Asks: 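The structure's right below; bear with me while I get my questions together.
Predicted model, so just to flag it, every value in this text is computed and none were measured. Naming convention: chains lettered A, B, ... in sequence-line order (proteins, then strands); numbering from 1 in each chain.
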Amino acid sequence: MIDLRLLRDDPDMVARAYAKRGGVEGLEQIAELDATYRELLGEVESGRAEHNRASKAIGRAGPDERPAAIAEAKTLADKLKVLETRLDHAARARDEAAAYLPNLPHESVPEGLSEKENVVDRHVGEIPQFDFAARDHVTLGEQLGIFDGDRGVKTSGSRFVYLTGPGVMLELALVRFALDSLLDRGFKPVIPPVLVKEHAMFGTGFLPADEHEFYKSERDGLYLTGTSEVGLAAMHSDEILQESDLPLRYAGFSSNFRREAGTYGKDTKGLIRVHQFDKIEQFSFTHPEDSWDEYATIRANQERILQTLEIPYRVVTMCAGDLGSSAAKKVDNEAWLPGAGRYLEVTSATNATDFQARRLKVRFRDSDGARLVHTLNGTACAVGRTIVALIENHQRPDGSIGIPEALRPYTGFDEIKAV
RNA sequence: GGUGGGGUAGCGAAGUGGCCAUAACGCGAUCGCCUCGAAAGCGAUUGGGGGUUAACCGCCCCCCGCGGGUUCGAAUCCCGCCCCCACCGCCA
């Protein structure tokens, strides 16, 4: 949710900002709905004031004045009821329309309407030069018993896998490694609920826009989250935090569930695009003035993890048209996959500014009263895709995988032997 | 799932149809007085959202778990839901 006052005070600025993302439909209507709402609100409020006065007068009235006073108050009450119904409709119409408005892109976000216009900023790390034909992660993974895709399909359908043997050890090692690299930087580990109420999905901006992306338990009215961001963001909903407690930093670990609707035929094998995967996620609640510094912190953590794992990657800034609904800015790191011969998104960092905070009502108190915080999220380690990048980049001619130095204390072994 | 009790400010808690909503009372917090300093004591202050305003002041509206209803008027009465506590049942 954006601040509708912005739309009220400077509609051109808002329209220009949205035009950068490809425009939004019905911006003028929303402005009109808002104006109608406020006009009605004024009428209702003065109606209520009048009625309150009449009503209170009854309490003080003597027995003979009472019937007349009651009759007068009743007339006012009836009139009010009609107005209040209209106000109610107006508020609903405005809020429903406004709920679809995405965040305003930050000025540093490049122009562009499709992912083709995302900007590659930098390349980091050595691309490995193999003197043998590099295998892709599907071949390596099934050969080495890291995962079992066929049985995943048997049990749960396509895009489900069993992670097995060394795959499990690798996952647990990566999780603990990523967690450790955040703990000493003030991130508190959290395993959030992955089944959440509608308000959490709405508050993070995944609803109403991306409904089709998520599994839902209709019977209980709960959604399976596609990222621990949801549980972490909602953790402080309806709270007023202490200014001195900011930034609040969390390292969330959870399984994530995505329906991957509309991706039929894309990455159907292996760990790249699955309905269920585990991930360590950074999430920060910050003072609004500090959120871009925090953004840099989160991104630095992401890059450090990739570098430490000796995975080459490039940094891609999303253009305005490719931003998620809550994002003012989004930057991805894409790992190079020597086997597949392409780059793969392995991390993503978003500054949602006050967009989620407004919907979730997460505020802090300073001398001006309660103000909205900013929220940010960024992958620390998406386990499945990191395993993909890791094994493709650290494969050896004989089909074994070398474990990067920094991960060995966590795996307890320094290679996955060829079989 | 059943029965009983409960959800009011940062916390505890009073209030069972108007004179009780910034809301009694107590605690905590902040500021001031006192003090060399502190404690004690005394005094003051101490919620959120919204409208009006260029902004401030002011004025007004809304908020007693959530949503409906009854009434001129609801924290208070009625209905539904959620959550907490206790016991029972069921399950690990």
Asks: Residues two or more places apart in sequence or in another chain: which of them pass salt bridge (charged side-chain N to carboxylate O under 4.0 Å, His left out) with Arg48(A)?
Replies: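 Residues passing salt bridge (charged side-chain N to carboxylate O under 4.0 Å, His left out) with Arg48(A): Glu84(A).
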Asks: Taking salt bridge (charged side-chain N to carboxylate O under 4.0 Å, His left out) as the definition, give me every residue that meets it alongside Arg314(A), ordered by chain and number, with sequence neighbours left out.
Replies: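 Testing Arg314(A) for salt bridge (charged side-chain N to carboxylate O under 4.0 Å, His left out), a comparison that skips the adjacent residues, returns Glu334(A).
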Asks: Tell me the interatomic distance from Arg365(A), atom CZ, to A29(B), atom C1', rounded to whole angstroms.
Replies: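 Taking atom C1' of A29(B) as the reference, CZ of Arg365(A) is at 11 Å.
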Asks: Going by the rule side-chain hydrogen bond (donor to acceptor under 3.5 Å, both in side chains), which residues pair with Thr297(A) if we only count those two or more places apart in sequence or in a different chain?
Replies: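 In terms of side-chain hydrogen bond (donor to acceptor under 3.5 Å, both in side chains), with neighbours along the sequence ignored, Thr297(A) is linked to no residue.
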Asks: Residues in salt bridge (charged side-chain N to carboxylate O under 4.0 Å, His left out) with Arg185(A), at least two apart?
Replies: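 If we apply the salt bridge (charged side-chain N to carboxylate O under 4.0 Å, His left out) test to Arg185(A), skipping adjacent residues, there are no hits.
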Asks: What parts of residues 87-95 of chain A reach RNA chain B, counting only heavy atoms under 4.0 Å away?
Replies: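 Listed by number, there are none.
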Asks: Roughly how many Å apart are C84(B) and C78(B), using the P atom of each and rounding to a whole number?
Replies: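 Nearest-Å result for C78(B) against C84(B) at atom P: 24 Å.
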Asks: Scan residues 189-213 of chain A for pairs that pass ring-ring contact (aromatic ring centres under 6.0 Å, His included), counting only residues two or more places apart or in two chains.
Replies: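 Residue pairs passing ring-ring contact (aromatic ring centres under 6.0 Å, His included), neighbours aside: Phe206(A)-Phe214(A).
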Asks: With rounding to whole Å, what would you report as the distance between A24(B) and A14(B) at their C1' atoms?
Replies: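 Looking at atom C1' only, A24(B) and A14(B) are 7 Å apart.
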Asks: Between protein and nucleotides 73-84 of chain B, what N or O pairs are separated by less than 3.5 Å?
Replies:
residue, atom, partner, partner atom, Å
G73(B), O4', Ser55(A), OG, 3.0

Asks: Using the P atoms only, state how far U76(B) lies from U70(B), rounded to an integer number of Å.
Replies: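 Here U70(B) and U76(B) have their P atoms 15 Å from each other.
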Asks: Could you let me know what U16(B) is paired to, Watson-Crick or G-U wobble, both distances under 3.5 Å, or none if it's on its own?
Replies: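 Check on U16(B): unpaired, no WC or wobble geometry under 3.5 Å.
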Asks: Does this structure show an ion pair linking Glu211(A) with Lys216(A), if we count only N-O contacts that are shorter than 4.0 Å?
Replies: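 No.
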Asks: Quick one: look up who C56(B) pairs with, Watson-Crick or G-U, both distances under 3.5 Å, and put none if it's unpaired.
Replies: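 Base-paired to nothing in any strand shown.
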Asks: Roughly how many Å is it from CG in Leu76(A) to P in C61(B), rounded to a whole number?
Replies: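 Rounding to the nearest Å, CG of Leu76(A) and P of C61(B) are 14 Å apart.
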Asks: Provide the distance between the two P atoms, one in C64(B) and one in A54(B), to the nearest whole Å.
Replies: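 Per the computed distance, 32 Å lies between those P atoms.
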Asks: Which residues pass the side chain to side chain contact (heavy atoms under 4.5 Å, CB included) test with Ala68(A), not counting sequence neighbours?
Replies: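 Testing Ala68(A) for side chain to side chain contact (heavy atoms under 4.5 Å, CB included), a comparison that skips the adjacent residues, returns none.
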Asks: If you measure from the Lys or Arg side-chain nitrogens to the Asp or Glu carboxylate oxygens, is any gap between Asp322(A) and Lys330(A) under 4.0 Å?
Replies: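 Judged by the 4.0 Å cut-off on N to carboxylate O distance, Asp322(A) and Lys330(A) do not form a salt bridge.
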Asks: Rounded to whole Å, please give me the gap between CD in Glu243(A) and P in U30(B).
Replies: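 Whole-Å distance recorded here is 16 Å.
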Asks: Looking for any heavy atom pair under 4.0 Å, which part of the strands does Lys56(A) touch: base, sugar-phosphate only, or nothing?
Replies: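 If one applies the 4.0 Å heavy-atom cut-off, Lys56(A) turns out to touch nothing in the nucleic acid.
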Asks: Sugar-phosphate atoms are those with a prime plus P, OP1 and OP2; base atoms are the rest. Using that split, label each nucleotide of nucleotides 49-58 of chain B B, S or - for protein heavy atoms under 4.0 Å, 5' to 3'.
Replies: SBSS------
Asks: Measure from CD1 on Ile240(A) to P on G10(B) and round the result to the nearest Å.
Replies: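 In whole Å, G10(B) P lies 7 Å from Ile240(A) CD1.
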Asks: Determine the interatomic distance between C1' on G28(B) and the same-named atom on G89(B); round to the nearest Å.
Replies: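 Those two atoms are separated by 43 Å.
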Asks: For G10(B), which nucleotide is its Watson-Crick or G-U wobble mate, given both distances must be under 3.5 Å?
Replies: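 In the structure as shown, G10(B) has C27(B) as its Watson-Crick or wobble partner.
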Asks: Can you name the residues that form a salt bridge (charged side-chain N to carboxylate O under 4.0 Å, His left out) with Asp180(A), not counting sequence neighbours?
Replies: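 So Asp180(A) forms a salt bridge (charged side-chain N to carboxylate O under 4.0 Å, His left out) with Arg176(A).
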Asks: Would you mind writing out the side-chain donor-acceptor pairs for residues 16-32 of chain A within the sub-3.5 Å range, not counting sequence neighbours?
Replies:
residue, atom, partner, partner atom, Å
Tyr18(A), OH, Pro102(A), O, 2.6
Lys20(A), NZ, His106(A), O, 3.4
Lys20(A), NZ, Val109(A), O, 2.7
Arg21(A), NH1, Asn103(A), O, 2.9
Arg21(A), NH2, Leu323(A), O, 2.9
Arg21(A), NH2, Gly324(A), O, 3.2

Asks: Looking only at atom P, what distance separates A13(B) and C90(B), rounded to whole Å?
Replies: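 Taking atom P in both A13(B) and C90(B), they lie 34 Å apart.
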Asks: With both distances under 3.5 angstrom, what nucleotide forms a Watson-Crick or G-U wobble pair with A38(B)?
Replies: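 Per the H-bond distance test, none.
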Asks: Between G10(B) atom C1' and Asp238(A) atom CG, what is the distance in whole Å?
Replies: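 To the nearest whole Å, that distance equals 16 Å.
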Asks: Determine whether Arg396(A) and Ile401(A) make a side-chain contact, defined as any pair of heavy atoms from C-beta on separated by less than 4.5 Å.
Replies: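 Side-chain contact under 4.5 Å: no.
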Asks: Is the Phe177(A) ring parallel, tilted or perpendicular to the Tyr410(A) ring (thresholds 30°, 60°)?
Replies: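 If you compare the ring of Phe177(A) with that of Tyr410(A), the planes turn out perpendicular.
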Asks: Tell me which of Glu50(A) and Gly369(A) sits closer to the 5' end of RNA chain B, going by the nucleotide each one is nearest to.
Replies: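 The residue mapped nearer the 5' terminus is Gly369(A).
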Asks: Could you tell me which nucleotide pairs with G89(B) by Watson-Crick or G-U wobble geometry, both distances under 3.5 Å, or answer none if nothing does?
Replies: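 By the stated definition (distances under 3.5 Å), nothing pairs with G89(B).
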Asks: For His236(A), what residues pass the side-chain hydrogen bond (donor to acceptor under 3.5 Å, both in side chains) criterion, not counting sequence neighbours?
Replies: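 Partners of His236(A) under the side-chain hydrogen bond (donor to acceptor under 3.5 Å, both in side chains) test: Glu239(A), Tyr250(A).
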Asks: Rounded to whole Å, how long is the line connecting atom CZ of Arg53(A) with atom C1' of C61(B)?
Replies: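 To the nearest whole Å, that distance equals 12 Å.
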Asks: Take atom CG of Asp366(A) and atom P of U46(B), then tell me their distance rounded to the nearest Å.
Replies: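 Going from CG in Asp366(A) over to P in U46(B) covers 18 Å.
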Asks: Glu84(A) has an atom CD; how far is it from atom C1' of G69(B), in whole Å?
Replies: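 Atom-to-atom, Glu84(A) to G69(B), this comes out as 14 Å.
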Asks: With rounding to the closest Å, how many angstrom separate the C1' atoms on A75(B) and G17(B)?
Replies: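 Pairwise C1' distance, A75(B) against G17(B), rounds to 11 Å.
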Asks: Taking atom P in both A23(B) and G10(B), compute the distance separating them and give it to the nearest angstrom.
Replies: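 About 15 Å, rounded to a whole number of Å.
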